[in-house]
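Reading through the structure tokens given below for one structure.
Since this is a predicted model, take the numbers as computed values, not measurements.
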Protein chains: 2
Amino acid sequence: MDTTAAPAYTIGECARRSGFTMDTLRYYERIGLIGDIARTATGQRRFSDDHLEWLGVLKCLRDTGMPVEQMHRFATLVRAGDHTVAERIALLEAHKEAVDARMDDLAAKRDYLLGKIDYYRSLP
Amino acid sequence: MDTTAAPAYTIGECARRSGFTMDTLRYYERIGLIGDIARTATGQRRFSDDHLEWLGVLKCLRDTGMPVEQMHRFATLVRAGDHTVAERIALLEAHKEAVDARMDDLAAKRDYLLGKIDYYRSLP
DNA sequence: CTAGGACCTGGAGTGGACTCCAACGCAAAC
DNA sequence: GTTTGCGTTGGAGTCCACTCCAGGTCCTAG
């Protein structure tokens, strides 16, 4: 028999570990970004390691600027099963392109900023 | 005498050249990010090349994620005259640091994304 | 002269993503 | 066993940065 308890995190612990606030976690559950969260007999959420991993994905997508709606589409694909893998790749690739473009733009504007700073430094 | 007319752009032309919408330009004027816009006798705005240059700065700051309120502080410093140059440098440097941090974070998350894509690609 | 487009104002509305609240139940440390 | 604090809900509120609108004036090409 298995005496190892599967780790189950309270929403507070999950917030601490995932980097989302408790409110955001509840919000994400509500809008369908996180599914199948276990509950204790009294109704408290218990998150699993799988959830934490998924939240890591969500955090990555969100922090790179993916709109919540697109994350929702991705979550739907993941939930739909293996036959959506090609579509998931397409979505992630498109997003990666967007991130690359954003990084290029940031780099250019950072340089402009540096020039401005240098100019101010050059003043008498 | 000087027969060269100083270029004066309508708000539409200025929008086209600056990358802001007309509404945003009016909004920025209203909240004090742009000062001293000339008007025709009938009240239409006429932007100058100096404005376009300043709008370039604003666009750079905005597109690199500076909140409007901080841009406003910067605009105030610029308007206050040369004795604020040190403070302007400090503000821009702090912002540059923020941009660098953002870029590092994006790069890391982009790699995570690539890993995810590769994983999906590796599936049977 | 006239039609169509560009511009004006003040103020209201939008969208996205949370974030907060009241009023309550449950947990666990001492 | 009681206090402190974590968790619950549904719904309302917030924040930011615009964005849109009505109802008007003005400009310019034909």
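One finds a side-chain N or O of A/R39 lying less than 4.0 angstrom from the OP1 or OP2 phosphate oxygen of D/dT9. Residue B/R45 places no side-chain N or O under 4.0 Å from the OP1 or OP2 atom of C/dC7. For the pair B/Y28 and D/dC18, the criterion of a side-chain N or O lying under 4.0 Å from OP1 or OP2 is met. Checking the phosphate oxygens (OP1, OP2) of D/dC20, no side-chain nitrogen or oxygen of B/Y27 falls inside 4.0 Å. Neither OP1 nor OP2 of D/dC26 sits under 4.0 Å from any side-chain N or O of B/T40. At C/dT9, none of the side-chain N or O atoms of B/R26 fall inside 4.0 Å of OP1 or OP2 (strictly under the cut-off). When the side-chain nitrogen and oxygen atoms of A/R62 are compared with OP1 and OP2 of C/dC18, one or more of them lie within a distance under 4.0 Å. Phosphate contact (OP1/OP2 of C/dA27, side-chain N/O of A/T42, threshold under 4.0 Å): present.
Note: CG (B/D23) to C1' (D/dA22) measures 13 Å, nearest angstrom. For B/E29 and C/dC7, the CD to P distance is 14 Å, given to the nearest whole Å. As rounded to whole Å, 12 Å separates atom P of C/dA17 from atom CZ of A/F20. The CD atom of B/E13 sits 15 Å away from the C1' atom of C/dG5 (whole-angstrom rounding). Atom CG in A/L61 sits roughly 16 Å away from atom C1' in C/dA17 (whole-Å rounding). Rounded to whole angstrom, the span from the CZ atom of B/R46 across to the P atom of C/dA6 amounts to 13 Å. The nearest whole Å value for the distance from the CG atom in A/D63 to the P atom in C/dA17 is 13 Å. Atom CD1 in A/I11 sits about 13 Å away from atom P in D/dC6, given to the nearest Å.
Taking the six-membered ring where the residue is Trp, B/F20 and B/Y28 present perpendicular rings, their angle passing 60° and hence far from 30°.
Closest contact between the side chain of A/V68 and the listed nucleotides C/dC18, D/dC18, D/dG7 involves C/dC18. Distance from the side chain of A/T24 is smallest to C/dT19 among C/dT19, D/dG7, D/dA17. Between C/dG11, D/dA17, C/dG25, one nucleotide has an atom nearer to the side chain of B/R30 than all others, and that is C/dG11.
Atoms OH and CD1, from B/Y27 and B/I34 in turn, are 11.5 Å apart once rounded to the nearest 0.5 Å.
More than 12 heavy-atom neighbours from other residues, nucleotides or ligands sit within 6.0 angstrom of CG on B/D118.
Under the 3.5 Å distance criterion, the side-chain polar atoms of A/H51 are left unmatched by any main-chain donor or acceptor of A/C14.
The existence of a salt bridge linking B/R39 and B/E29 is confirmed by a sub-4.0 Å separation between a basic side-chain nitrogen and an acidic carboxylate oxygen.
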